[in-house]
Each structure stands twice: as C-alpha cells, then as structure tokens.
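Chain identifiers are assigned alphabetically (A, B, ...) following the order of the sequence lines, protein sequences preceding nucleic acid strands; residue numbering begins at 1 within each chain.
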Amino acid sequence: MIVSELKFLLNQRLTLKQARQTHAAVLVHKFHHLQPLLVHQLLVSSRGYSFDLLQYVKSILRHAGSPDSFSWGCLIRFLSQHGQFREACSAYCEMQALGLCPSTFAVSSALRACARTEDIVGGRLVHAQVNKYGFSGCVYVQTALVDLYSRLGEMQTAQKVFDEMPERNVVSWNSILFGYLRLRNLDMARNLFSEIPEKDVISWNSMISGYAKAGDMKHAGELFQQMPERNSASWNAMLSGYVDCGNIELARELFDAMPQRSEVSWIAMIGGYSKCGDVESACLLFDQLGKKNLLSYNAMIACYAQNGRPTEALQIFNGMIECGLEIVPDKITFSSIISACSQLGDLKLGSWIELQMEKLGIEKDDHLATALIDLHAKCGSIHKAYELFNSLKKKDVVAYSAMILGYAVNGKAVDAIQLFEEMADAHICPNSVTFTGLLTAYSHTGLVEEGYRSFNSMKNYGLVPSADHYGMMVDLLGRAGHLEDAYNLIKTMPMQPHAGVWGALLLACRLHNNVEIGEIAARHCFKLDPDRAGYQSLLSNIYASVGRWTDVKQMREAVEEKASAKIPGYSWVEST
DNA sequence: ATAGGGTTAG
C-alpha cells in the first residue's frame with residue numbers, strides 16, 4: 001500500500017522539499033529499493049544543476065542502505081550533461097571507492113567529463129577500466145573514447161579505438177571526423193567523410209565548418225550545395241566562414257537569404273561588421289534583434305569597445321543590466337568593459353568594475369588579467385600592472401604587448417625595451433602592436449639609432465609597418481632634430497600618410513623652429529584634418545620664432561575664424 | 001548516454 005503511494009509520488013515532478021519528505025518515508029519504512037527511483041526522479045525533474053541538489057543527492061547515496069550503481073550512474077550523467085565536469089569526475093571516483101561496478105553510462109559520462117576538461121590522466125584511467133569491465137563492445141563507451149582522444153588531439157589512439165570497434169554508428173564517425181578537423185587535417189577528414197556510410201546533418205556541418213575555418217570557402221560552398229538537408233547550423237557555418245575571411249558582403253547576402261535566422265546568425269553578423277569596422281551596420285542589426293541575450297549584448301559591447309567607442313560600450317552595458325531580463329555579465333562582458341574603461345582612462349570606473357566582478361565571483365583568467373594590465377598601465381599604476389603581468393599563468397604576445405606599451409606610456413622606456421628582449425628570449429613572436437609599444441618607448445628616450453633599427457627589423461617578423469608606425473618614427477626622428485630624415489621617411493611611405501603623421505612632423509618643426517618643412521607639414525595637416533585649429537597655432541608659433549609677424553597674424557586670424565564658425569552650443573551638446 | 005554553429009584582452 002505505502003509502496004504504491006511512494007511510487008506514485010516518485011513519478012511526479014519532485015521539488016527538493018518534496019523529495020526530502022519522500023526520502024524520510026523511504027528511510028522509515030526501509031524501502032531502500034526505492035532509493036534509485038528517488039534519485040532518478042529528482043535528477044530528471046530538476047530544472048538544472050544546483051549546489052543544494054548535488055549535496056542532497058550525494059547525501060542520499062552516501063547513506064544508502066546498499067550502495068547502488070544505477071543511482072551513481074544517474075548522478076554522474078546528470079553532472080556531465082550540466083557542464084559540471086569536475087564534479088562528475090569526483091563522483092565517479094567516489095563511486096569507485098565504494099567498490100561499485102560502473103555502468104556503461106557512468107563510464108561514458110565520465111569520459112565526456114575528462115574530454116571536456118582535457119583531463120588526459122583521468123581519461124586514460126577510465127579507459128583502462130573500460131577494458132577491465134568488458135565494455136569493449138559497447139558503442140556508446142567506445143564512441144566516448146574516440147571523442148576523448150579526438151578532443152585531446154591524440155589521433156593515433158582515437159583511430160586505434162575507432163578501428164577496433166565491433167560496430168560503429170554515425171556519432172562514432174562524427175567524433176573521429178571532428179578530431180581530424182580540429183587538427184586542421186583536412187585531407188584525412190575529407191577521406192573519412194567520404195567513407196561515412198550514413199552521413200547525418202552533423203557530418204556535413206562539421207566538414208563545412210572545417211573548410212570554412214581553413215578559409216576554403218570554395219569547398220565549403222560546394223558541400224553546402226550538395227547536402228541533402230540543411231539546418232540553421234549549416235547556414236551559420238557558412239556565414240561565419242565568410243565573416244572570418246573578411247567577406248562581409250557575401251556574409252550579409254547569406255544572412256538575408258537564410259530560411260531561419262537563429263541567435264547565432266545575428267551574433268556572427270554583428271561580429272562580422274564589428275571586425276571590419278562598420279559599427280553602424282552592427283548597431284542597426286542589434287536594434288532589429290528582438291529579444292537579446294548575454295551573447296548578443298557581449299557582441300555589441302565588444303563591437304563598440306574594439307572600434308574605439310568606449311562610451312557607447314558602457315551605455316550598452318548599462319542597458320543590459322537594466323533591461324529587466326536579469327542578464328548577468330560574464331568574463332567576456334568584463335573583458336570588453338575593462339577595455340572601454342582603459343580607453344577612457346577612467347580608473348575609478350575600472351575599480352568599480354573590478355568590485356562587481358568580485359561580487360559575481362568571476363575569477364581572473366589570463367584574458368581578463370591582460371585587460372586589467374592595460375587599464376592599470378594606462379591609468380598610471382604601473383606597479384599594479386606589473387603585478388598582474390607576473391600573475392599570468394601563460395604570458396602571450398598580447399600580454400607582453402600590453403605591458404611593453406604600459407611601460408612606454410609611463411616613461412619607462414628602459415623597462416619596455418628590456419621586456420621586449422625578455423619576450424624574444426621566451427620565443428614569443430612580436431606583432432605590430434608590440435612594435436607600437438616598442439617604438440613609443442624609443443620615441444620617449446630619443447634613441448634614434450636603436451629605434452630606427454627596430455623599425456627596420458619589423459620585416460624580419462613578416463610585419464609591414466602601418467601609418468601609425470611611420471608616425472612614431474617621424475616623431476622619434478623629428479624630436480631628435482632630424483627633420484629632413486623625418487620628412488624623407490614620409491615620402492617613402494607606401495600608404496597615404498594621415499594627419500597624425502604630418503602632425504608629428506609639424507610638432508617637431510615647432511620644437512626646432514623649422515619654417516620650411518613646418519609649412520609643408522602644416523599644409524598637409526590643414527587639408528587632411530580641416531576641423532582642427534591646433535595646426536594653425538603650431539605654425540603661427542613657428543613663424544613667431546623667426547619674427548615673421550605678418551604670417552603670425554594671418555594664422556591667428558585663421559584660428560579665430562574657425563572658433564567663430566563653430567555651431568553655437570555645440571560643445572554643450574558634446575558634454576552632456 | 002555519444003556530435004555541430006556565436007561573443008572576450010594589447
């Protein structure tokens with residue numbers, strides 16, 4: 001009688017509270033055989049993972065009259081499915097310690113957990129048990145092994161397991177295909193793909209995205225045309241392929257042609273516009289996107305931050321917090337937001353952001369720490385920046401560049417140059433941003449020879465100096481009084497020099513009071529950046545230094561004319 | 001039970 005009542009209860013969706021009551025009944029009446037049903041129901045009906053739930057289930061399992069393998073298997077599978085990989089692994093170990101024989105789904109879930117955490121040691125341990133318990137004939141377990149070694153990049157082992165499988169399903173094929181594609185081994189992948197007896201949409205999608213990631217849109221497109229049925233992931237793989245190779249027009253064509261656009265499509269498209277600097281189009285899409293989630297907010301915030309519009313990045317961030325949907329920012333949001341604070345030079349805001357991160361329990365990974373290095377360096381706390389730099393698990397080119405630039409803008413040129421050498425010793429290849437930092441450092445020290453040498457060394461790394469790099473060299477040469485050399489360098493530029501380059505030359509001419517070159521530089525500045533009055537003042541000062549008062553007067557009038565031409569109230573609008 | 005598509009730092 002009570003058994004049927006309990007069974008009825010257990011087949012309902014149970015809350016944690018109801019489960020505790022049922023559990024009490026189970027204990028009182030020693031219906032231990034119902035415990036697996038209880039655990040199973042609890043996990044199946046739960047809305048998701050929570051710490052309380054885990055603790056409760058574990059307490060049932062630990063105090064169960066007889067340890068039972070089925071319940072442990074349910075728990076491990078549940079944890080593995082809900083991304084709690086570490087917990088899944090430790091539950092697996094605990095079950096082992098109880099002397100229980102694992103089920104096939106406990107083993108495959110444990111393998112999945114090891115694969116996702118890239119736990120090679122744990123994975124091999126479970127693998128050893130697979131043979132011991134005689135799961136060599138189980139497709140699911142064997143497929144999980146193929147998946148494990150594929151994710152770890154150990155393709156020889158993956159292939160061996162795959163070859164020895166007594167039977168395979170399409171998931172087994174997809175798992176090994178995934179492994180070769182991850183290693184960018186397109187030849188192997190192509191051969192394998194052609195051998196798959198019954199390709200499903202995932203096989204096709206994996207292959208398409210493999211080609212797309214390798215930049216081979218021709219083959220990707222061919223497969224896309226050939227495939228029997230497409231889902232939104234197929235379209236998205238093509239879309240992000242075009243985005244990655246910078247073909248935003250084709251990406252947009254695809255976006256407009258898609259039968260159904262998913263959240264992913266919108267975000268990929270916004271990211272595409274962001275990368276090619278078309279902020280307006282990105283913004284337009286974002287506004288058209290009806291209900292926004294964390295990832296679409298992240299994409300738009302990143303778009304503004306990466307395109308030098310920090311204020312708008314912060315506005316979107318505020319909009320996200322106050323939208324009423326209770327979207328919680330994650331480490332990706334904060335990476336962009338910290339970058340925005342840095343661009344604004346706002347350490348106060350930055351500190352507030354750091355506090356929010358602590359409150360949310362967001363751990364500082366290397367990505368975030370690098371953003372913080374930049375923030376602290378730009379705001380003058382160079383020691384804090386170096387502390388963060390030292391705390392990095394792995395120092396990559398981005399981290400080094402941030403730190404080198406940090407030293408450079410804080411006038412610590414010697415430290416910047418030293419760090420650059422340290423980076424070379426660590427066999428990390430510099431890129432163009434690294435050289436921005438290094439050249440900034442040289443231009444602060446006035447070490448012309450060394451600066452010039454490092455500028456010329458860029459090509460040894462396969463780097464082409466940008467207009468900004470030329471600008472820094474002009475600044476370095478100019479400040480040191482080599483005005484002719486600076487002017488000649490501009491003349492050799494393969495691209496159109498922008499106002500900043502001529503501005504650096506003009507500034508140097510003011511420092512050394514050179515009228516002849518100063519006039520040339522000023523003429524270009526007027527033309528390239530007609531809205532700014534600063535250039536006229538500089539030239540006027542140069543004229544004054546040599547007593548050409550008529551020209552001085554003419555320049556001053558030009559400055560005043562500009563000032564009065566401004567729309568009244570403009571600066572008020574700008575400051576609100 | 002096993003698989004695929006999106007957002008982050010200089």
* To do: Answer yes or no: does a side-chain N or O of A:Q142 lie under 4.0 Å from OP1 or OP2 of B:dT2?
  => no
* To do: Give A:L368 one of three labels, base, sugar-phosphate or nothing, depending on what nucleic acid heavy atoms sit under 4.0 Å from its own.
  =>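 No contact.
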* Assert yes or no for the condition that the ring centre distance of A:F162 to A:W173 is strictly below 6.0 Å. => yes
* Asked: A:D396 has an atom CG; how far is it from atom C1' of B:dA9, in whole Å?
  ->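 That distance rounds to 9 Å.
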* Identify whether any heavy atom of A:K213 sits under 4.0 Å from a base atom; if not, whether one sits that close to sugar-phosphate; answer base, sugar-phosphate or nothing. =>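 Sugar-phosphate contact only.
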* Asked: Quick one: is B:dT7 close enough that its OP1 or OP2 comes under 4.0 Å of any side-chain N or O from A:S296?
  -> no
* Asked: How is A:S203 classified with respect to the nucleic acid when contacts are heavy atoms under 4.0 Å: base, sugar-phosphate, or nothing?
  -> nothing
* B:dG10 C1' sits how many Å from A:L419 CG, rounded? -> 13 Å
* To do: Can you check whether any acceptor in the base of B:dG5 is under 3.5 Å from a donor in the side chain of A:S232, or vice versa?
  => yes
* Asked: A:N293 near the nucleic acid: base, sugar-phosphate alone, or nothing, with a heavy-atom cut-off under 4.0 Å?
  ->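 Answer is base: heavy atoms of A:N293 come under 4.0 Å of a base.
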* To do: Figure out the NZ/P separation between A:K364 and B:dT8, and round it to whole Å.
  => 22 Å
* Examine A:Y140 together with A:F135 and report whether their ring centres are nearer than 6.0 Å. =>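 No, the ring of A:Y140 stays outside the 6.0 Å limit from the ring of A:F135, centre to centre.
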* Does a side-chain N or O from A:R230 land closer than 4.0 Å to OP1 or OP2 of B:dG4, or not? -> no
* For residues A:D163 and A:Q159, is any side-chain donor paired with an opposing acceptor at under 3.5 Å? ->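 There is such a pair between these side chains.
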* Asked: Base, sugar-phosphate alone, or nothing: which one does A:V397 contact when heavy atoms must sit under 4.0 Å apart?
  -> base
* Can you tell me the distance, in whole Å, between the CG atom of A:L177 and the P atom of B:dT2? => 19 Å
* Asked: B:dG6 C1' sits how many Å from A:N236 CG, rounded?
  -> 8 Å
* Asked: When we call it a touch if two heavy atoms are under 4.0 Å apart, what does A:D330 touch: a base, just sugar-phosphate, or nothing?
  ->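 Touches nothing.
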* Asked: Has the side chain of A:N431 got a donor or acceptor that lies under 3.5 Å from a partner of the other kind on the base of B:dG10?
  ->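 Indeed, a donor on one side and an acceptor on the other fall under 3.5 Å apart.
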* Asked: Distance under 6.0 Å and angle within 45° of the ring axis: does A:K395 meet both against A:F389?
  ->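 The answer is yes, since A:K395 meets both limits relative to A:F389.
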* **Closest listed nucleotide, where the reference is the side chain of A:A233 and the choices are B:dT7, B:dT2, B:dG5** => B:dG5
* Asked: What nucleotide, of B:dG10, B:dG4, B:dT8, holds the atom closest to the side chain of A:V398?
  -> B:dG10
* To do: Take the protein atom CZ of A:R151 and the nucleotide atom C1' of B:dG4, then report the distance between them rounded to whole Å.
  => 10 Å
* Is the gap between the ring centers of A:F286 and A:Y297 under 6.0 Å? -> yes
* Asked: Tell me: CG of A:D200 to P of B:dG5, nearest whole Å?
  -> 13 Å
* Asked: Across the strands shown, which category fits A:S108 at heavy-atom distances under 4.0 angstrom: base, sugar-phosphate, nothing?
  ->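 If one applies the 4.0 Å heavy-atom cut-off, A:S108 turns out to touch a base.
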* Which part of the nucleic acid, if any, lies within reach of A:S265 when heavy atoms closer than 4.0 Å are counted: base, sugar-phosphate only, or nothing? ->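 The residue A:S265 makes no contact with any strand.
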* Asked: Can you tell me if the side-chain N/O atoms of A:Q306 get under 4.0 Å from OP1 or OP2 in B:dT7?
  ->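 Checking A:Q306 against B:dT7: no side-chain N or O falls below 4.0 Å of OP1 or OP2.
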* To do: Remember a base hit wins even if backbone is also touched, and classify A:K275 as base, sugar-phosphate or nothing at under 4.0 Å, heavy atoms.
  =>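 Counting heavy atoms under 4.0 Å across all strands, the contact made by A:K275 is with sugar-phosphate only.
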* Between A:E363 and A:K331, is the closest basic N to carboxylate O distance under 4.0 Å? -> yes
* Selected nucleotide, minimal atom distance to A:H367 side chain, candidates B:dT8, B:dG10, B:dG5 ->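 Looking only at heavy atoms from C-beta outward on A:H367, the closest nucleotide is B:dT8.
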* **Ring centroid separation A:F255 to A:W266 under 6.0 Å** => yes
* Could a donor-acceptor pair under 3.5 angstrom be found where the side chain of A:S401 meets the base of B:dG10? ->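 Pair found.
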* Grab the CG-C1' distance between A:D244 and B:dG5 for me, whole Å please. => 12 Å
* When all nucleic acid strands are considered with a 4.0 Å heavy-atom cut-off, which category describes A:A237: base, sugar-phosphate, or nothing? -> nothing
* To do: Give one of base, sugar-phosphate or nothing for A:S262, where a contact means two heavy atoms less than 4.0 Å apart.
  =>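 Base contact.
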* Which part of the nucleic acid, if any, lies within contact of A:Y140, taking any heavy atom under 4.0 Å across all strands shown: a base, the sugar-phosphate backbone alone, or nothing? ->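 Base contact.
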